[in-house]
Amino acid sequence: MSTKRNIFLSIAALAFTLALTSTSAFSNEDLFKALDSDADGLISKAEAVSHDVLNELFDSLDINTDGFISPDEFSVANLDK
Ligand SMILES: [Ca+2]
Ligand SMILES: [Ca+2]
């Protein structure tokens with residue numbers, strides 16, 4: 001885990017938080033469920049396509065690079081630090 005990656009992740013988290021704020025009809029958890037259309041508990045790249053910001057940030061949020069966003073990885077995106 002490089003410092004450069006951490007900085008990038010912070011910027012990504014900030015952008016994502018702003019995006020969530022602008023679509024505040026969803027809580028973080030509701031948004032995750034809404035995006036997880038096959039309800040397997042993970043957001044795949046195909047599922048992320050429906051959300052512009054998530055789609056953009058997918059690779060930076062997929063910390064373990066398994067090709068899916070887990071709830072933990074998703075929640076990191078909403079931390080404002
Ligand atoms: Ca899914
Ligand atoms: Ca992952």
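Residues: numbered from 1 along the sequence shown. Just follow the structure's listing: the first ligand is 1, and inside any ligand the first atom is 1.
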Atom nearest to the Ca ion (ligand 2) - D62, N, O or S atoms considered: OD1

Minimum-distance N/O/S atom that D66 presents toward the Ca ion (ligand 2): OD1

N/O/S atom name from D36 that is nearest to the position of the Ca ion (ligand 1): OD1

Atom of P71, atom of G41 and distance for their closest heavy-atom approach: CD-O, 3.3 Å

Heavy atoms of other groups near E56 CD, more than 12 under 6.0 Å: no

Taking every non-hydrogen atom, the tightest pair across L35 and E47: O-CB, 3.3 Å

L42 N/O/S atom closer than 3.0 Å to the Ca ion (ligand 1): yes

Rounded to 10 degrees, the angle OE2 of E47 makes with OD1 of D38 at the Ca ion (ligand 1): 70°

3.0 Å cut-off met by an N, O or S atom of S70 to the Ca ion (ligand 2): no

Atom of D36, atom of L42 and distance for their closest heavy-atom approach: OD1-O, 2.9 Å

Any side-chain heavy-atom pair of H51 and L31 under 4.5 Å: yes

Identity of the N, O or S atom of D40 lying closest to the Ca ion (ligand 1): OD1

Which atom of S60 lies closest to which atom of I63, heavy atoms considered: O-CG1, 4.3 Å

D62 side chain vs D66 backbone, donor-acceptor pair below 3.5 Å: yes

Metal site angle (apex the Ca ion (ligand 2)), OE2 from E73 and OD1 from N64, 10 degrees: 70°

Metal proximity, F68 vs the Ca ion (ligand 2), N/O/S cut-off 3.0 Å: yes

